[in-house]
Amino acid sequence: MAYWLMKSEPDAFSIDDLRSAGQATWDGVRNYQARNFMREMQPGDNFLFYHSSCQPPGLAGIGEIISSAYPDATALNSQSPYHDPKTSAERLPWVAVDVSFQKKFPTLLALTAIRLLDGLEELPLLHKGNRLSVMTLTTEQWAILTKAAQA
DNA sequence: GCCAACGTTGGC
DNA sequence: GCCAACGTTGGC
């Protein structure tokens with residue numbers, strides 16, 4: 001089983017939205033490195049739900065990956081905010097996965113608090129200028145973050 | 001609202 | 001294939 005971290009702007013889709021929906025489609029990712037990680041996802045993997053571009057940014061909870069990657073049709077939809085006019089049904093590089101709610105942390109683990117934790121030197125989230133919206137976590141990173149979030 | 005960092009685009 | 005210009009991300 002693998003561990004992931006995925007970012008979402010809570011104004012668009014938050015941990016509370018996932019909790020009320022129970023499950024959801026994680027789509028709209030338009031970056032090849034993030035896409036490649038999504039292709040590796042398997043049902044049963046867990047991910048940390050990160051709220052970005054908000055105040056404060058940080059980890060809000062845990063979800064589960066419940067499907068492997070499949071083509072992200074929002075790229076083809078001219079009405080979608082995720083429309084990618086360079087794609088077609090024959091040439092569709094983007095993927096989505098289905099996810100389910102697992103838990104919301106008692107309090108948000110803010111980015112400022114994450115920066116103070118030991119053992120996360122390799123975590124891309126903390127690297128200056130990093131914008132990757134889907135990243136893999138080692139078992140150790142997962143343990144450090146989930147422990148801090150529920151302390 | 002600012003701006004640093006990064007990815008993408010397009011001229012050559 | 002290089003690289004400058006541009007657009008986007010996302011913390012502050």
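Letters go in sequence order (proteins before strands), and every chain restarts at 1. These numbers come from the heavy atoms of this one structure, side chains and all, not from hydrogens, waters or symmetry mates.
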Can you tell me if the side-chain N/O atoms of A:R115 get under 4.0 Å from OP1 or OP2 in C:dC12?
yes
Any A:Y32 side-chain nitrogen or oxygen under 4.0 Å from OP1 or OP2 of B:dC6:
no
Rounded distance (Å) that lies between atom P of B:dG7 and atom CG of A:L132:
9 Å
Taking atom P of B:dC2 as reference, at what distance in whole Å does atom CD of A:Q55 sit?
18 Å
Using a strict cut-off of less than 4.0 Å between a Lys/Arg side-chain nitrogen and an Asp/Glu carboxylate oxygen, indicate whether A:D72 and A:R30 qualify as a salt bridge.
yes
In whole angstrom, give the distance that lies between atom CG of A:L123 and atom P of C:dG11.
13 Å
State whether A:K86 places a side-chain N or O below 4.0 Å from either non-bridging phosphate oxygen (OP1 or OP2) of B:dT9.
yes
Rounded to whole Å, the CG-P distance (A:N130 to C:dT9) equals 14 Å
Counting heavy atoms from C-beta on, name the nucleotide in C:dG10, C:dC12, B:dA5 closest to the side chain of A:K128.
B:dA5
Could you check how far CG of A:D11 sits from C1' of C:dG10, rounded to whole Å?
13 Å
Report the distance from atom CG of A:D84 to atom P of C:dT8, rounded to the nearest whole Å.
12 Å
Residue pair A:T25 / A:D98, side-chain donor-acceptor N/O under 3.5 Å
yes
For atom NE2 of A:H127 and atom P of C:dG10, their distance in whole Å
16 Å
Test applied, ring pair (Phe, Tyr, Trp, His ring centres under 6.0 Å); reference residue, A:F47; option that passes from A:F37, A:W4, A:W26, A:Y3
A:W26
May I ask you to test the A:L59-A:T146 pair for a side-chain heavy-atom distance under 4.5 Å?
no
Starting at atom NZ of A:K7, determine the distance to atom P of B:dC6, rounded to an integer number of angstrom.
12 Å
